[in-house]
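Below is one structure; the comments refer to it alone.
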Amino acid sequence: MQRGSKPGKIGAMVAALGAAIVRGEIASGTVLPAEPELAERYGVGRSVVREAVKTLVAKGLLTVRPRHGTQVRPQHDWTLLDREVLGWMRSEDGLDRDLLLALEETREIIEPEAAALAAIRATPEDLARIRAALAAMEAGQDDPQAAIAADKRFHLAILDATNNPILRSFRGAIDTILSAMFDFTVDVFAGNLANHAAVVDAIAAGEPEQARQAMRQVLGYTRGHMLSNPALAGGINPNQKTALGETP
């Protein structure tokens, strides 16, 4: 970390220290060395250490208390919907299987109800954006990156169409979740298009219950693929109840 601008050095130290924490290389409850020792270890100035620690405190990974030093916080305090934190948790095989399932459950809690509200409240402009995203999904079936971008726009447009400012504030969280999920779902993208189209039809028809159920179909398709994926299935309890009260 000897080279580069100060912001670059801060970012590099945040990434190095953050990754070491989330991967368990620095255990929860560990008190970090004093600032001078951290500065020497990472080859940076003390001001870089201070800024990096501030960033990791904001992400919930560290806490700083007088006379107790800088301590690593337990995982339940981490901001798991932070894009960088999720990125650090990603191994060569992707994200932890239990975490992926938890992310999908979070979608099950939010997105079906968002679709139902969109069916009641969507403006013509909202509906146009949702339809445009679906059209882009259909056109991008042979281009994974285009498909992913269009799928994100689809789900975020529905969140916006609730016209609920609190739900709209979940855009960043849903965006982060979708980015994490696509490693395991992009290869079955085409098979879920009809379910997405059913969501659009229900919203356009002003049918909240149909929109709710159609979105559950979208998410159920994703969950089914996850559970049938050999890389994931071994780590998922088949008897675990979903957020919808169903057994996968």
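Below, all heavy atoms of this structure are taken into account, side chains as well, without hydrogens, waters or symmetry copies. This structure is a prediction, so every number in the text was calculated from the model and none was measured.
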Cluster overlap L117 with I203, hydrophobic side-chain contacts below 4.5 Å: no
Expected list for residues 135-148: side-chain donor-acceptor pairs under 3.5 angstrom, two or more places apart:
unit_1, atom_1, unit_2, atom_2, d
Q141, NE2, E138, O, 3.1
D143, OD1, Q145, N, 3.3
D143, OD1, A146, N, 3.3

L193 with V199, same ILVMFWY side-chain cluster at under 4.5 Å: yes
Check: Q213 and E207 side chains under 4.5 Å, non-hydrogen atoms: no
Student check: side-chain heavy atoms of L56 and L17 closer than 4.5 Å: yes
Residues that E209 engages under salt bridge (charged side-chain N to carboxylate O under 4.0 Å, His left out), provided they are two or more places apart: R212
CA sep, side-chain torsions, deciding dist, call: V31, V72, side chain to side chain contact (heavy atoms under 4.5 Å, CB included): CA-CA 7 Å; V31 177; V72 177; over 6 Å; no
Under 3.5 Å donor-acceptor, R216 side chain and E108 backbone: no
Heavy-atom pair of closest approach, residues W88 and V22: CB-CG2, 3.3 Å
Distance-minimising heavy-atom pair for A211 and A115: CB-O, 3.5 Å
Candidate pair H196 and H155, rule side chain to side chain contact (heavy atoms under 4.5 Å, CB included), full reasoning: CA-CA 9 Å; H196 285 75; H155 289 278; 3.4 Å; yes
T55 side chain reached by M13 side chain, heavy atoms, under 4.5 Å: no
Contact check, side chains of M89 and Q75, non-hydrogen atoms, under 4.5 Å: yes
Spatial distance of atom CG (L178) from atom CG (L103) [nearest 0.5 Å]: 10.0 Å
Exam field: side chain T123 to backbone D126, donor-acceptor pair closer than 3.5 Å: yes
E105 vs R223 side-chain heavy atoms within contact, under 4.5 Å: yes
Side chains of E111 and I158 in contact at under 4.5 Å (non-hydrogen atoms): no
Joint cluster assignment, I26 & V57, ILVMFWY side-chain distance < 4.5 Å: yes
Sidechain-backbone polar pair: T162 side chain, N164 backbone, donor-acceptor under 3.5 Å: yes
Residue pair L159, I110: steps toward the side chain to side chain contact (heavy atoms under 4.5 Å, CB included) verdict: CA-CA 9 Å; L159 209 60; I110 297 171; 4.1 Å; yes
Transitive ILVMFWY side-chain link F154 to I177, under 4.5 Å: no
Donor-acceptor contact present, side-chain H68 to main-chain P66, <3.5 Å: yes
Steps toward salt bridge (Lys or Arg N to Asp or Glu O under 4.0 Å) verdict (E37, R41): CA-CA 6 Å; E37 184 177 340; R41 179 179 299 182; 3.2 Å; yes
Which atom of R90 lies closest to which atom of A180, heavy atoms considered: NH2-CA, 4.0 Å
Any N192 side-chain heavy atom under 4.5 Å of Q217 side chain: no
Closest contact, heavy atoms only, L38 versus P33: CD1-O, 3.5 Å
Test item: T222 and E104 side chains (from C-beta on) under 4.5 Å apart, heavy atoms: yes
L62 and V53: CA distance, side-chain angles, deciding distance, side chain to side chain contact (heavy atoms under 4.5 Å, CB included) verdict: CA-CA 7 Å; L62 296 175; V53 167; 4.3 Å; yes
Donor-acceptor contact present, side-chain E51 to main-chain I10, <3.5 Å: no
Lys/Arg-Asp/Glu bridge criterion (N-O < 4.0 Å) met for R46, E35: yes
Using residues 165-175 as the side-chain source, report each donor-acceptor pair under 3.5 Å to any protein atom, sequence neighbours left out, with the distance given to one decimal.
unit_1, atom_1, unit_2, atom_2, d
R168, NE, D160, O, 3.0
R168, NH2, D160, O, 3.0
R168, NH2, N163, OD1, 2.8
S169, OG, I166, O, 2.4
R171, NE, D160, OD1, 2.9
R171, NE, D160, OD2, 3.1
R171, NH2, D160, OD2, 3.4
D175, OD1, R83, NH2, 3.4
D175, OD1, K152, NZ, 3.2

CD1 on I21 to CG on L32, rounded to 0.5 Å: 6.0 Å
Co-membership, hydrophobic cluster, residues L219 and Y221, 4.5 Å side-chain: no
